[in-house]
Amino acid sequence: MKHIEKRFDAIVVGAGPAGATAAYQLAKMGYKTLLLERGRTPGSKSMFGGRVYIRPLKDIYEDFEKKAPIHRWVKKERISLVYDESATTIEYTSNKTTSFTTYLTQLSHWMANQAVEQGAILLTEIRVDRLYKEDGRYRGVVVEDEVVKSDVVIDAEGINRLLLEREGIVEKLSPDHVALGVKEVIKLEPDTINNLFGLDNNEGLSWILMGDVTDGIPGGAFIYTNRDSVSLGIVVLLGEAARRIDRHIYILVEELRNHPLLYKYFKDGRIMEYSTHLIPEDPSRLMPKKLYYDGLMIVGDAAGLLLNQGYTYRGVDFAAYSGYIAAKAYEKAHGNGGASEENLKIYQKMLEESFVMKMLRKFSSVSRLMKKERLFSTYPQLINLLASKLMHIEYDSYKLKEAFDEARKGRVGLIHIIKDLWEVSRKL
Amino acid sequence: MTTETEVKKRKISRIEDILNNDVWDVDYEPHIIVDYSKCRECEWKPCIRLCPAECYTMVGGEVLFSYEGCLECGTCRVICPEKAVKWEYPKSGRGIHFRFS
């Protein structure tokens, strides 16, 4: 095995939001940092739904909101419950915004460039084959039989944790702990997007749909407006999908695009890209027992650090912030004499004290809620039946109570509704 | 207004046509190896419906896998009930190249 002479302070595996941010912060603090990416460019293996919450990123990158590749600021939020050819929608509009739409391919690329500007060395088209160990300590990586050494390795390899599995740090993923996201990006002119969705230039829409969009499989659908395209896709719990799906999954996305309620938005668009990714769904099961080892820290999706809030995901800000904390933790460890396991313990501690772990703990029961069938089939049906009774007036009109009783007749008992409401209000 | 069936008939694209919008740098060697003997024992075959790129198809009653259109999501690796899928990332720089995701 060849050993490459140069020795780095840190090697970061994967130039997604977690890895690129770790590399950026490490380089900024003056550490010799090597950022390795298996794709042709940083971001070329990145995929997400479409929205990023900005606040944590502003702590990390200077002038983030001016420099980052932001497509549109989300100023319109829609949540729809879909049943058959109808939908009941809550829409919230405000000039205040805390999130934006973009392509993660672009954002990862931008973040990696920031790391390079700070002095990190970025090598693309490098697939790390395994982590390198010396005397039981992680001290670099192996790439095609060549060893590249470093004081610390930051594992930002993403949800498919081939390296960590090889080390026996995590077990193979279970279908019940991940969700599958599949999306189409549809090209539309900015003016067309503005007119269709009632947006100004730079204003964006986030639209979550639940109910009759996933063939009854727990999950949902999403629509995000980008500058000159719309991202449209579905997310399904993988284990449930495996048990229940009775046609090809891409059909669900195509049916969404051609849904009687949505068809008008996409009829003049053409598909620019089709992409897919696994999503950490159950952090309590996915998270390695600890996120630090001698010479190693684990960040981002690889660490299971993604928050499912039921009606929204927070992945990018959580990933980036964990990378940022890992870099800060290395600085502390370095000051204490090196990246020993004992010294890197501070990473876990800092993460526990940050919003990342606090929020993951707070929402830890959402993943159980996601498995409740009634939320994805019965309630969307009930609420749309109720709405149709109230809205589709011919001769006789319904009183609310009357419409409600008729809508739920034979579908769900009052006691169940009250119990479910209570559970949702507690867990969400 | 068009009925749903008409929309379906007219507008649901074929997966091949959807995938035609993507860009790959296909390796000469497959990064995923499927042990078909295990597929023959498998009645469930969730890969057929869940691989988003439809890399797994049924041909003459047997599973056929082709790696070229793989989007590297890892679904097959996670759901295969027979552990028939030996899964690696494509070699350096190869495989899917997302641009607008």
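Every chain is numbered from 1, with letters handed out A, B, ... down the list of sequences.
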Handout entry: Residue pair B/Val78 / A/Ser174: nearest heavy atoms and the distance that separates them
Key = CG1-C, 3.7 Å

Handout entry: Worked verdict on A/Tyr250 versus B/Arg49 for side-chain contact (heavy atoms from CB on, under 4.5 Å)
Key = CA-CA 9 Å; A/Tyr250 100 90; B/Arg49 282 168 184 160; over 6 Å; no

Handout entry: Option passing side chain to side chain contact (heavy atoms under 4.5 Å, CB included) with B/Ser101 (candidates A/Ser46, A/Ser275, A/Ser231, A/Ser44)
Key = A/Ser275

Completion exercise
CD of B/Glu54 to CD1 of A/Ile249, rounded to nearest 0.5 Å, is 12.0 Å

Exercise for the section: Output the distance between atom CD1 (A/Ile245) and atom CD1 (B/Ile48), rounded to the nearest 0.5 Å. Expected result: 12.5 Å

Practice task
Run the numbers on B/Lys11 and A/Glu255 for salt bridge (charged side-chain N to carboxylate O under 4.0 Å, His left out), then give the verdict.
Solution key: CA-CA 9 Å; B/Lys11 282 291 179 183; A/Glu255 284 202 348; over 6 Å; no

Exercise for the section: Tell me, yes or no, whether the heavy-atom count around A/Glu171 atom CD, taken from other residues, nucleotides or ligands under 6.0 Å, exceeds 12. Expected result: no

Exercise for the section: Return the option, out of A/Glu144, A/Lys264, A/Arg127, with the maximum number of heavy-atom pairs under 4.5 Å with chain B. Expected result: A/Arg127

Practice task
Sort A/Arg166 into side chain, backbone, both or neither according to what part of it lies under 4.5 angstrom from a heavy atom of chain B.
Solution key: side chain

Problem - A/Arg257, part contacting chain B, at a heavy-atom distance under 4.5 Å - result: side chain

Completion exercise
One should read off an interatomic distance between A/Tyr274 OH and B/Phe98 CZ, to the nearest 0.5 angstrom, of 10.0 Å

Exercise for the section: Could you look at B/Arg94 and say if it's the side chain, the backbone, both or neither that has a heavy atom under 4.5 Å from chain A? Expected result: backbone

Problem - Proximal component of B/Pro81, with respect to chain A [non-hydrogen, under 4.5 Å] - result: neither

Completion exercise
When the 4.5 angstrom heavy-atom criterion is applied to A/Glu157 and chain B, the contacting part is backbone

Exercise for the section: Please say whether more than 12 non-hydrogen atoms of neighbouring residues, nucleotides or ligands are located less than 6.0 Å from CZ in A/Arg285. Expected result: no

Practice task
Find the one option among A/Ser229, A/Gly49, A/Gly239, A/Pro175 whose heavy-atom pairs under 4.5 Å with chain B are most numerous.
Solution key: A/Pro175

Exercise for the section: With rounding to the nearest 0.5 Å, note down the distance linking NE2 in B/His97 to NZ in A/Lys45. Expected result: 9.0 Å

Practice task
Report the distance from atom CE of A/Met47 to atom CZ of B/Phe100, rounding to the nearest 0.5 Å.
Solution key: 14.5 Å

Practice task
Identify which part of A/Ser108 has an atom lying under 4.5 Å from any heavy atom of chain B, answering side chain, backbone, both or neither.
Solution key: neither

Exercise for the section: May I ask you to name which of A/Glu254, A/Lys183, A/Met272, A/His248 has the most heavy-atom pairs under 4.5 Å with chain B? Expected result: A/His248

Fill in the blank from the handout: Output for pair (B/Ile79 CD1, A/Asp176 CG), nearest 0.5 Å, gives 12.0 Å

Fill in the blank from the handout: Highest number of heavy-atom pairs under 4.5 Å with chain B among A/Val182, A/Thr124, A/Leu180, A/Val128 belongs to A/Leu180

Completion exercise
Max heavy-atom pairs within cutoff under 4.5 Å with chain A, candidates B/Pro46, B/Cys51, B/Cys47, B/Ala53, goes to B/Cys51

Exercise for the section: Compare all side-chain heavy atoms of A/Lys172 with those of B/Arg77 and state whether any distance is below 4.5 angstrom. Expected result: yes

Exercise for the section: Taking all non-hydrogen atoms of both residues into account, name the closest pair between B/Cys73 and A/Thr276 and its distance. Expected result: CB-OG1, 3.8 Å

Exercise for the section: Would you indicate whether B/Glu29, at its atom CD, is surrounded by more than 12 heavy atoms from other residues, nucleotides or ligands within a distance under 6.0 Å? Expected result: no

Handout entry: Contact winner vs chain B - A/Thr102, A/Leu173, A/Asp129, heavy-atom pairs under 4.5 Å
Key = A/Leu173

Handout entry: Interface moiety of B/Trp87 toward chain A, non-hydrogen atoms closer than 4.5 Å
Key = both

Fill in the blank from the handout: Highest number of heavy-atom pairs under 4.5 Å with chain A among B/Asp22, B/Asn20, B/Leu71, B/Leu19 belongs to B/Asp22

Handout entry: Any donor-acceptor pair under 3.5 Å from B/Trp44 side chain to A/Ala242 backbone
Key = yes

Problem - Contact winner vs chain B - A/Leu107, A/Val185, A/Asp246, A/Val236, heavy-atom pairs under 4.5 Å - result: A/Asp246

